[in-house]
Protein chains: 4
Amino acid sequence: MTGTTGAPSARADMVRNRHLLLAAATAAFAECGVDVSMGEIAQRAGVAKGTVFRHFATKDDLLAAIMLQLLDRLIGAADRLLEADDAGEALREFMTTGVESLAADRAFCEVIGRPSLQHAEVRDAIDRLCEVVEALTDRARESGAIRSDITGTDIVLLLGGIHQTAAPLLPAQPQAWRRYLELAFDGLCSADARELPYPPPTVLRINDPSAVG
Amino acid sequence: MTGTTGAPSARADMVRNRHLLLAAATAAFAECGVDVSMGEIAQRAGVAKGTVFRHFATKDDLLAAIMLQLLDRLIGAADRLLEADDAGEALREFMTTGVESLAADRAFCEVIGRPSLQHAEVRDAIDRLCEVVEALTDRARESGAIRSDITGTDIVLLLGGIHQTAAPLLPAQPQAWRRYLELAFDGLCSADARELPYPPPTVLRINDPSAVG
Amino acid sequence: MTGTTGAPSARADMVRNRHLLLAAATAAFAECGVDVSMGEIAQRAGVAKGTVFRHFATKDDLLAAIMLQLLDRLIGAADRLLEADDAGEALREFMTTGVESLAADRAFCEVIGRPSLQHAEVRDAIDRLCEVVEALTDRARESGAIRSDITGTDIVLLLGGIHQTAAPLLPAQPQAWRRYLELAFDGLCSADARELPYPPPTVLRINDPSAVG
Amino acid sequence: MTGTTGAPSARADMVRNRHLLLAAATAAFAECGVDVSMGEIAQRAGVAKGTVFRHFATKDDLLAAIMLQLLDRLIGAADRLLEADDAGEALREFMTTGVESLAADRAFCEVIGRPSLQHAEVRDAIDRLCEVVEALTDRARESGAIRSDITGTDIVLLLGGIHQTAAPLLPAQPQAWRRYLELAFDGLCSADARELPYPPPTVLRINDPSAVG
DNA sequence: GATGAATGAGGATTCATTCAT
DNA sequence: AATGAATGAATCCTCATTCAT
């Protein structure tokens, strides 16, 4: 019956702190970029600096945890949309969710290529995301909703690209990404276009020069 | 007879150092992001730390100088392409040049929204770039090469977005951006698509919340 | 039973460090002037550089803290002497204490007109000092111990002046200030002298050109 | 006939530059204190930084040269006043000149105890100043204008002390030193006072602990 | 002799991380 | 497990001084 007693156990406190920290860090990174200090994050979470390090041994670990959160959310969304009737619409919805998530997070662009993304867990999550999006994309392709030479990894990559396209506008026009999402989607649909000039990425090994794919 | 003397003047050395520095800084920022230290840049350029500051009073000034370099290159390219016969092809060529330039520069994404971009010169260069690309886009639109609801600022923004899309792949596949450039271009051409859901940006005032355009 | 535990608490250590730092900084500023580096001060206090900044956010804050220390000591001394029977002797004693305190501090002269003296706390302390010394002076004047045209602010200013007079001698003759204190006091007592040629300062707003008093 | 030709010789230029520099440095030190940079001084003098160093090998040398200038002026003044009829008035006039000179120079107080004052030339000038002021003081003492236990070195030291007394007021009340000069003079005249409690300084070896006088 | 570019030691300050309580 | 004080490496930047032209 652990967890049902009135007084919060030390364990429960820890869980709560972890959530507090994750939330505070997400907000801090989103607003200020990856250069926010651990001190600022601790302050936002209302805990002492030492507590941050008890939960996340290094700043990179914290960053990784946040990325993991985002990735898990996306994986979940993609998973659910696998059940949808209209495969094309499902893909579009997934991308909407994806770009919207990124749009709230100034850190994402900065974080690409940081050591944090070399955390095994993050890499695994990216792999899983690519897999499920691959499935989503297969269905859309098979249903004729998108052209034939688009892969799931393309879709995953486009999320960041679309976000970046709109990024400079976001402070003034927080919804501007919708324009570029649609534009990208139109590209994905143009069935009559000649084939894309460069082979699709097979694996997504971020910043890993050994993965000459 | 200026410039024909054999011995390098102090002035000539200074110009050389400035070039050395600009090159070293471009490379350093591209590889390591905006957080490379001025010391690292000095070392790469083979000069003392003080010399960096003699040429660029602050780190932001150096960053601005580099951005200016990039912007000027793009402005020049766009200017020249204004003379081309095939307006659609000209636009595509401009975008190719643009994305290629960005692809060499990891700092670009990070730099969006930094104070350096509030340097008047940088803002002016962005304005000029938008203007000339607007002209380029007008011609392409009028010739029917691209759909009617695309503006020059869209194009400028897409440069960064396309680059970002491919960015995670670049260490392993340095040409991967070509795929996403083509994909984006297909989007620009899909004449039968419904109109884009969000109005085009009118001005590009990076990170300026007052510019609700 | 607070304070009776054997092991020194972190808090107690901090207080000790703060005292160590204040002492080290006072000595360092006194010996070397305001240009001693924070590093030197840290070293003298036997702590790391970061610790100095944890206690005093900027060098000016540290300087202000030291000045505050000195001022508080003087205010306390003046306060106590307000109770003395012989008003003239009380004033003389206060000045003795004052000059003696300054004599240990080479930084005092340099610090006049530095931003640190614009710290509100320091200004307030100077105001308070002037007030209590004004009272001390009033009593001395009323008792006929000093001439009629001398104000408390004159006295406060004289402290620095007497110290400065002897300053060049202090390394070789640490007590030399006593000679000039006595000389100044004789000036304060010369009842038969004609009135001083320039009006007394009303307020002491150090380095504030707007305070044309 | 050197120096009478129309075209300025290199030598004449150098002399002019030296004067320019001395003037600029005096003004700069007076306004900003000893921490003005050599660059600022060069700029004020309208010459390049290298030129400053050709004339004054180090910053301390420049500081010494300026102090020398001031000391020479004071020596000259004292010399001339040796001829005056009223010995007491002559001393008072000398002190007026002296304090006035110091009042224009924020650097003076800061410079006491700097290595620059250990320049042999500066020490010699101080010795000469003390000598001639000693003579001036002797005459005043003999004429009964001042008390018997005051020496020339006392007078020289008082110059700095009187200046310092008024220093905090000078930005707002540039003439305030007159008040404290008069006050000091009254002290010097109080014939009925008991003897000063500490022996007079015999030599003035600024900041030289070996000169236990 | 004058110039001003280059040097590099040194300074204030920040911040991730460690550790005693 | 939480705290927050201490650490010290790293950063940007300044400035006296040197030196090639």
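Convention: sequence-line order gives letters A, B, ...; per-chain numbering from 1. Owing to the predicted nature of the structure, the values given are computational and were not obtained by experimental measurement.
A 3.5 Å limit on both hydrogen-bonding distances identifies dC12(F) as the Watson-Crick or G-U partner of dG11(E). Across all strands shown, dA2(E) is found opposite dT21(F) as a Watson-Crick or G-U wobble partner, with both distances under 3.5 Å.
When the P atom of dG1(E) is taken as reference, atom CG of Leu21(D) falls 15 Å away, rounded to whole Å. At whole-Å resolution of the value, CG in Leu62(C) and C1' in dA12(E) are 12 Å apart. Counting to the nearest Å, the C1' atom of dT18(E) and the CZ atom of Phe56(A) are 18 Å from each other. Taking atom CZ on Arg54(B) and atom C1' on dT17(F), their separation rounds to 13 Å, with Å as the unit. For the pair Gln43(C) CD and dG11(E) C1', the interatomic distance rounds to 14 Å; values are reported in whole Å. One can place CG of Leu63(A) at 16 Å from C1' of dC15(E), the figure rounded to the nearest angstrom. Following rounding to the nearest Å, Asp35(A) (CG) and dA10(F) (P) show an atom-to-atom distance of 17 Å. Atom CG in Leu20(C) sits about 14 Å away from atom C1' in dA5(F), given to the nearest Å.
Ala24(B) and Arg44(B) make their closest contact through CB-CB, 3.8 Å (heavy atoms, listed as atom of the first residue, atom of the second, distance).
Lys49(A) places no side-chain N or O within 3.5 Å of a backbone atom of Gln43(A) that could act as its donor or acceptor partner. Thr51(C) places no side-chain N or O within donor-acceptor distance of the main-chain N or O of Val47(C), the cut-off being under 3.5 Å. Remark: side-chain polar atoms of Lys59(B) are paired, donor with acceptor, to backbone N or O of Val36(B) under 3.5 angstrom.
The Lys49(A) side chain lies nearest to dA6(F) when the options are dA2(E), dA6(E), dA6(F). Among the nucleotides dA6(E), dC13(F), dT13(E), the one closest to the side chain of Thr58(B) is dC13(F).
Residue whose closest nucleotide on DNA chain F sits further toward the 5' end, between Thr51(C) and Met38(B): Thr51(C). Between Gly50(A) and Met14(D), the residue anchored nearer the 5' end of DNA chain E, judged by the nucleotide with its closest heavy atom, is Met14(D). Of the residues near DNA chain F, Arg18(C) and Phe53(B), the one whose nearest nucleotide (by heavy atom distance) lies more toward the 5' end is Arg18(C).
When heavy atoms are screened at a 4.0 angstrom cut-off, Val36(B) is found touching the sugar-phosphate backbone but no base atom. Looking at heavy-atom distances under 4.0 Å, Ser37(C) makes contact with sugar-phosphate atoms alone, never a base. The residue Lys59(B) sits close only to the backbone: its heavy atoms come under 4.0 Å of sugar-phosphate atoms, none of a base.
Taken from CG in Leu68(D) to CG in Asp61(D), the straight-line distance is 11.0 Å, to the nearest 0.5 Å.
Regarding contacts with the backbone of dA2(E), a side-chain N or O of His55(D) is found under 4.0 angstrom from either OP1 or OP2. Side-chain nitrogen and oxygen atoms of Asn17(A) include at least one within less than 4.0 Å of the OP1 or OP2 phosphate oxygen of dA2(F).
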